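Some notes on the structure that comes next.
Residue numbers count from 1 along this sequence. Worth saying up front: this structure is predicted, and the values here are computed from it rather than measured.
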Amino acid sequence: MRTIKIIISLLLWIVLDLILGRRSQRKHNRTLAFEQTRGNYRFYKNGTPLFEDLFDEISQAQDQIDVYYYLVRRDIISRKFMTLLKMKAEEGVRVNLLVDRLVSAPLRREYRALKKAGVDVAFAETPKFPFFFYTFNRRNHRKMVVIDGVIGYVGGFNVGREYIGKSSQFIDWRDYHLRLTGSIVRDLHRIIASDWTYNTGGALPSVAYREGGKHPFQLVAFDGIGVENTFLTMIRRARREILIGSPYFIPTRRIHRELLKALERGVDVHILLPLKRDHAFVKEAGFPSLQNLVLHGANVYHYNAGFYHAKLVLVDEEAADIGTANFDKRSMFLNKEVTISIFDESFVRHLRSEYFKDTENSLVYDKEQAANPSLGTKVKTQLVKPFRWML
């Protein structure tokens, strides 16, 4: 009897923690929405050229390097990354590194070595009372670097060997990442500075920015609120075509309804997902929506040339969003994310072309498969229902 009371009390505590934590989050929301600005870009979909350029430009930094990464692995790529940061700090360059508290916890020894070399290391999103369970589930999922206030990097790549195709499990890793210059770097740096102040109470040193750029962009840093509405707005404006790319597909009911409406008005809906999984039950959590959309005419592909981790929503060859936000509940309601709205028609067409290149390396998920799921899929789908809000 005592055990039952303890279990009931624990469940009540968790429920209250989640409800009150969410209420507190809404009250103290820290979404940063910037005006449309301009910049220049270099686009990456493979990790090797990205890290070659990033590491080279870190090595050439003269004044300040500001970094936030959700995940830094312990492997050959992360060791090179941290060695560069140590080297620059020892040269007298100001180096500020912010990492997610829970995800990067295994690298405590490496962070002590960085601090000893002069790198200012801090941790984001430490779980805390009174809403411990809720804050435990909230993560800062952004990946951002600003070098000397002049060059910015943002997108889906973390730091680790799997991101350059060296994982035996995932082989090739597909993601979207940008190198930015021009006025947009100022906004990217403001996001890093805001995260730094929120988590440390201190302020990053100011840097000198360079204005200009050819292409129109807009940055938004979401705080667990707003991603759903951004996706809804894009889906509702579509008249011809919607492209969705994501490692996870767990839409809300509102988004699911809008995608069905888009299909009804003759919009071609394409959804690109990985065939492999990197988390348990994520496929089953999204299966009911995916099944229903396919049966109503959506085109679904499962990437089979590695692991698909890119995040893209593209509408009518006119506008696109890429960044760190997945098409799932966690990105829409829990995580801190950053997205880049792209209005440059040539870049949007380029993204569309890259998207369909990846569908050529994918398996089509057709109506026959959707109508006849395996018994295992049916069972797992039912088991995962209570947890869809956090996946």
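- When the shell of 6.0 Å around CZ of Arg109 is examined, it contains 12 or fewer heavy atoms from other residues, nucleotides or ligands.
- Using a 4.0 Å cut-off between charged nitrogen and carboxylate oxygen, Arg38 and Glu211 do not count as a salt-bridge pair.
- In this structure, the side chain of Asp148 engages the main chain of Asp63 through a donor-acceptor pair within 3.5 Å.
- Considering OG1 of Thr197 and CG of Leu204, their distance stands at 6.5 Å, rounded to 0.5 Å.
- Residues Pro247 and Ala310 approach most closely at CD-O, 3.5 Å, considering heavy atoms.
- Distance check: Lys367 NZ to Asn372 CG gives 13.5 Å after rounding to the nearest 0.5 Å.
- Using modelled atom types, one finds no donor on one side chain facing an acceptor on the other under 3.5 Å when comparing Asn46 with Thr48.
- With hydrogens and angles ignored, the 3.5 Å screen pairs no side-chain donor or acceptor of Arg101 with any backbone N or O of Phe123.
- Just one residue in the list Asp358, Asp172, Asp175 forms a salt bridge (Lys or Arg N to Asp or Glu O under 4.0 Å) with Lys45, and that residue is Asp358.
- Distance check, rounded to the nearest 0.5 Å: CZ of Arg239 to CG of Asp268 gives 14.0 Å.
- Here Phe343 and His215 keep their ring centres 6.0 angstrom or further from each other.
- Between Tyr365 and Tyr301, the ring center distance fails the sub-6.0 Å criterion.
- In the hydrophobic cluster analysis, where Ile, Leu, Val, Met, Phe, Trp and Tyr join through side-chain heavy atoms closer than 4.5 angstrom, Val119 is grouped together with Leu84.
- Residues Phe356 and Tyr308 are members of one and the same hydrophobic cluster, defined by side-chain heavy-atom contacts under 4.5 angstrom among Ile, Leu, Val, Met, Phe, Trp and Tyr.
- With rounding to the nearest 0.5 angstrom, the CD1 atom of Ile147 is 8.0 Å from the CZ atom of Arg179.
- Remark: Glu110 does not engage Arg79 in a salt bridge, criterion side-chain N to carboxylate O under 4.0 Å.
- Of all the heavy atoms in Val338 and Val154, the pair that sits closest is CG1-CG2, 3.8 Å.
- Between Asp195 and Arg142, at least one side-chain N (NZ, or NE/NH1/NH2) sits under 4.0 Å from a carboxylate O, which counts as a salt bridge.
- Between Arg349 and Glu317 there is no salt bridge, since no side-chain N of the basic residue sits under 4.0 Å from a carboxylate O of the acidic one.
- Proximity of a side-chain donor or acceptor of Thr135 to a complementary backbone N or O of Phe132 within less than 3.5 Å is detected.
- Residues Leu180 and Tyr209 fall into different hydrophobic clusters, defined by Ile, Leu, Val, Met, Phe, Trp and Tyr side chains chained together at heavy-atom separations under 4.5 Å.
- Atom CD1 of Ile76 has 12 or fewer neighbouring heavy atoms from other residues, nucleotides or ligands inside a 6.0 Å radius.
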Glu91/Lys88 under salt bridge (Lys or Arg N to Asp or Glu O under 4.0 Å): CA gap, chis, key distance, verdict: CA-CA 5 Å; Glu91 290 176 4; Lys88 298 310 293 185; 2.8 Å; yes
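- The six-membered or imidazole ring of Tyr163 lies away from that of Phe51, with a centre-to-centre distance of 6.0 Å or more.
- A single hydrophobic cluster is not seen to contain both Phe131 and Val15; linkage of ILVMFWY side chains at heavy-atom distances under 4.5 Å, directly or through other members, places them apart.
- In the model, Arg174 has a side-chain atom that pairs as donor or acceptor with a side-chain atom of Tyr303 under 3.5 Å.
- Side-chain atoms of Ser78 and Arg73 form no donor-acceptor pair, as typed in the model, at a separation below 3.5 Å.
- There is a side-chain donor-acceptor pair under 3.5 Å between Asn96 and Asp66.
- Checked against the 6.0 Å centroid criterion, the rings of Tyr176 and Phe157 do not qualify as a close aromatic pair.
- Aromatic ring centres of Phe136 and Phe133: separated by at least 6.0 Å.
- A side-chain donor from one of Tyr44 and Asp53 sits under 3.5 Å from a side-chain acceptor of the other.
- To the nearest 0.5 Å, atom CG of residue Asp17 and atom CG of residue Leu11 are 12.5 Å apart.
- If you check the side chains of Ser341 and Asp321, you find a donor sitting under 3.5 Å from an acceptor.
- In this structure, the side chains of Leu178 and Ile340 come closer than 4.5 Å at one or more pairs of heavy atoms.
- Residue Gln369 qualifies as enclosed at atom CD: its count of foreign heavy atoms under 6.0 Å is above 12.
- For the residue pair Arg210 / Thr181, no side-chain donor-acceptor distance below 3.5 Å is found, with atom types taken as modelled.
- Surrounding CZ of Arg237 are at most 12 heavy atoms belonging to other residues, nucleotides or ligands under 6.0 Å away.
- Looking at Glu264 and Lys261, no side-chain N of the basic residue comes within less than 4.0 Å of a carboxylate O on the acidic one, giving no salt bridge.
- Between the Ser246 side chain and the Phe249 main chain, no donor and acceptor come within less than 3.5 Å of each other.
- By the 4.0 Å N-to-carboxylate-O rule, Glu337 lies too far from Lys311 to be salt-bridged with it.
- Without hydrogens or angle criteria, Glu125 side chain to Asp100 main chain gives no donor-acceptor distance under 3.5 Å.
- In summary, the aromatic rings of Phe327 and Phe231 are positioned with their centroids under 6.0 Å apart.
- For Arg23, the CZ atom counts as loosely surrounded, since its 6.0 Å shell holds 12 or fewer non-hydrogen atoms of other residues, nucleotides or ligands.
- Side-chain heavy atoms closer than 4.5 Å link hydrophobic residues (I, L, V, M, F, W, Y) into clusters, and following such links, possibly through other members, connects Phe347 to Val185.
- Looking at Asp75, its side chain does come within 3.5 Å of a backbone N or O of Ile77 through a donor-acceptor pair.
- Between Gly118 and Ala89, the closest heavy-atom pair is C-CB, 3.9 Å.
- Under 4.0 Å is where a charged nitrogen must lie from a carboxylate oxygen, and between Arg138 and Asp223 at least one such pair does.
- Interatomic distance, CG of Leu351 versus CG of Leu314, reported as 6.5 Å (0.5 Å rounding).
- Residues Ile184 and Gln218 are not in side-chain contact: their nearest non-hydrogen atoms beyond the backbone lie 4.5 Å or more apart.
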